[in-house]
Structure formats: structure tokens, C-alpha cells
There are 2 protein chains.
Amino acid sequence: MAKHPSLAAVVQRLEDRGLRVTAPRLSVLAAAAAGAEDQFSAEDIESRLPQVGRATIFRTLKLLVEMDVFCRVLLDDGNLRYRWSRRGHHHHLICDSCGAIEDFTGCDVTTLMQDLARRTGFTARGHWLEVYGRCAACHSRAAVSQ
Amino acid sequence: MAKHPSLAAVVQRLEDRGLRVTAPRLSVLAAAAAGAEDQFSAEDIESRLPQVGRATIFRTLKLLVEMDVFCRVLLDDGNLRYRWSRRGHHHHLICDSCGAIEDFTGCDVTTLMQDLARRTGFTARGHWLEVYGRCAACHSRAAVSQ
DNA sequence: ATTAATGCAAATTCTTTGCACTAAA
DNA sequence: TTTAGTGCAAAGAATTTGCATTAAT
């Protein structure tokens, strides 16, 4: 799967929603694709787009998160990052060492939630899960440098 | 189990750490115990303690979270609450309807994390999980009112 | 032409800091 | 006494709002 959807696909989704395809919206998408990292902060986008107003950047980020084009990532220190969403429900594996973020969809948190409902009567509507640790690449790197 | 530990127990823990048992610290603990809700915001504490400085309240909350006397709860809307901690690793069930927060420790997220490591090579150091939904009490309430 | 979307600057919210002062040990 | 802890007011950060202006359809 590509790192992010084609511009055309996102434009289509904007149009489907009856939203305008504006220059600032296109440039936020471009700026998000431009970074070396697979993640970006509102600040990153802001500094890559000095010509776009701060408010527009925040409004656009919010819109694109609602549209599930981007997803929010909560870092261990409480800071917020954004990332292209693979769409649909998923979680993040955030590497302490290199900061890389991977998606994680395979594990079934749903089972856990169902079990929960059975035991406590609490019905889960949704949940937020972020996992912090060390990615495979950083493990190999550490092994090599020893 | 009681809603929160005895003052004496917390005082003991402060002393064990070589920290002073000050009037503001005691009043933050009292204010946290005073609320009708099982949760409280920094603002709640602030308004219950007009005589204590804002900075002291934040410093004290941070200290008590580090000491695992309180834990932080991340609400669905991104706001932060505090709550007496049952100590040790646990998660929260947050009711959309009544806002009540329950702890949840029984389910084994660890298994999920181990499975994850096996499949992706990512080693989890920690994770953050909040569950949003509807508590048993609100379910009954809804059933009755029909 | 219409009106959604933007840019700016000011306002908000939540939290932290610097520093002289106070009180716990 | 000593120095950890406090209060105040000011500084920050991260975001949001109001409103006149601009640009996409």
C-alpha cells in the first residue's frame, strides 16, 4: 500500500462532501506528503506553508481528520501528531527510539471489548489505544552496534 | 475497596519520598476527595481552593500523578481529568451518558502486546488505552424509561 | 454572483516559569 | 535555621474565534 492516497482520491472525497477544492487545502495535503517523516505536527505544516494562515491549517487538519484522510497520534509526552490514515479503525505503534509510527490493525481489541461488556455490562462504543515501545528496526540496529 | 486511600497513607508516601507534608498538598487531596464525581479537573480543584495558587495546584497534581495517587483520564473530546488511582497499570471505561469512569484491569492487554511483538517485532514498553461507551447503570436507566 | 473558505489578529485554554516570600522540618 | 515549597503574575504553547476579504463554483 502507498504511503498515502492520491491527491485525486482526496479531491474526490472533498467533492463528494460538497466541499470546495481550495488552494490551501491542496497545499496542506502537499505539505503533509512532503515531510521526510511518516508523521507531522500542525507546526510542521505551518512552517512548510508560511503563506497559509494558522487558522486555515488547523481548520484543514480538523477537516481531514474528520474525513479520515489523516489520523491523530498521541505521543507518550502528550504531544499530538498527524499521520496519513489507512482509513478505518486502527492503532499506532510508536517507537521510543526512532519515533517511527506503524499502524496496527491485526490484533483484535474487539474481542477484548466484547469480553468487557459481558463481564461489566459496559458497552464500548469506541476506544483509543496507543502503544509505545521499540520497533523491529531499532532492535536490529541495537544488535548490530553491539 | 474504598473510593480513595486514607490521607494517612498518602502522607506516609510523601514522607517516604522525603517530601514535605504541606497545607496546600493536604488541601488538594481534600478537594479531590470532596467532589461528588469520581473524577476532577485541575479547574475543579482550583475553584474549590481559591486560597491555593494555580501553579501549586498543577505542581501538586503532577506530583500526585507521579506518585500514582491520582491517574490521568483522557476524555473522548481530548480533555484531561484526574481520578484517584487504584495504583498499578489499568485502563478506564468512560460512560458517554453519565460521564462516570470505571477502572478496568481484568482484561489482558498484555497478551495482545505479546502477540504483537511476535508478529511485528515491535516490543511494547507501555500503552495508553481509554474505552468510551455506555455503563451498565445507564443501560438500566434507559431500559426503565422506555 | 454567491457564499464557502481564508487570513489576520486577538482571544482562549491549559499549563509552566521566574522569583521573592513563607513555612515545614 | 535551612531550604523545599508557595503565590503571584507573567510567559508559553497550542488552538480557536470574529470578522472583513477573497476566491471557488
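Chain letters run A, B, ... following the sequence lines, proteins first, then strands; residues in each count from 1.
Put simply, CD on A/Glu46 is 9 Å from P on D/dT15, counting in whole angstrom units. In this structure, CZ of B/Arg17 is placed 15 Å from C1' of D/dA4, rounded to the nearest angstrom. Atom CD1 in A/Ile57 sits about 12 Å away from atom P in D/dT15, given to the nearest Å. Atom C1' of nucleotide D/dA9 and atom CZ of B/Arg59 are separated by 12 Å, given to the nearest angstrom. Across the protein-nucleic acid pair, B/Glu15 atom CD and D/dA4 atom P stand 17 Å apart, rounded to whole Å. We find that CG of B/Asp77 is positioned 14 Å from C1' of D/dT15, with the value rounded to whole Å. For the pair B/Leu49 CG and D/dG7 C1', the interatomic distance rounds to 14 Å; values are reported in whole Å. For the pair B/Asn79 CG and D/dT16 P, the computed distance is 11 Å after rounding to whole Å.
If you check D/dT15, D/dA24, D/dG5 against the side chain of A/Phe58, the one that comes closest is D/dT15. Minimum atom distance to the side chain of B/Arg54 is reached by D/dA10, of the listed D/dT3, D/dG7, D/dA10.
Residue order along DNA chain C, read from the 5' end via each residue's closest nucleotide, puts B/Arg81 first among B/Val21 and B/Arg81. Checking B/Leu80 against A/Pro50, the closest nucleotide of DNA chain C that is more toward the 5' end is the one next to A/Pro50.
Scanning DNA chain C 5' to 3' for nucleotides with an atom closer than 4.0 angstrom to a non-hydrogen atom of chain A gives a first and last hit of C/dT3 to C/dC8.
A/His90 pairs in a side chain to side chain donor-acceptor pair (under 3.5 Å) with only one of the listed residues (A/His92, A/Arg86, A/Arg87), which is A/His92.
Here CZ of B/Phe122 is found 6.0 Å from SG of A/Cys95. Values are rounded to the nearest 0.5 Å. One distance of note links CZ of A/Phe104 with CD1 of A/Ile94; it measures 11.5 Å at 0.5 Å rounding.
Ring orientation note: the planes of B/Tyr82 and B/Phe40 are close to parallel, at an angle under 30° on the 30°/60° scale.
With salt bridges taken as basic N to acidic carboxylate O contacts below 4.0 Å, one links A/Asp115 and A/Arg118.
Remark: the A/His127 side chain and the A/His91 side chain contain an N/O donor-acceptor pair separated by less than 3.5 Å.
Considering only side-chain N and O atoms, A/Lys62 lies under 4.0 angstrom from the phosphate OP1 or OP2 of D/dT16. The phosphate of D/dG7 has OP1 or OP2 within less than 4.0 Å of a side-chain N or O from B/Thr56.
Heavy atoms only, all atoms of each residue included: B/Gln39 and B/Asp44 are closest at O-OD2, 4.5 Å.
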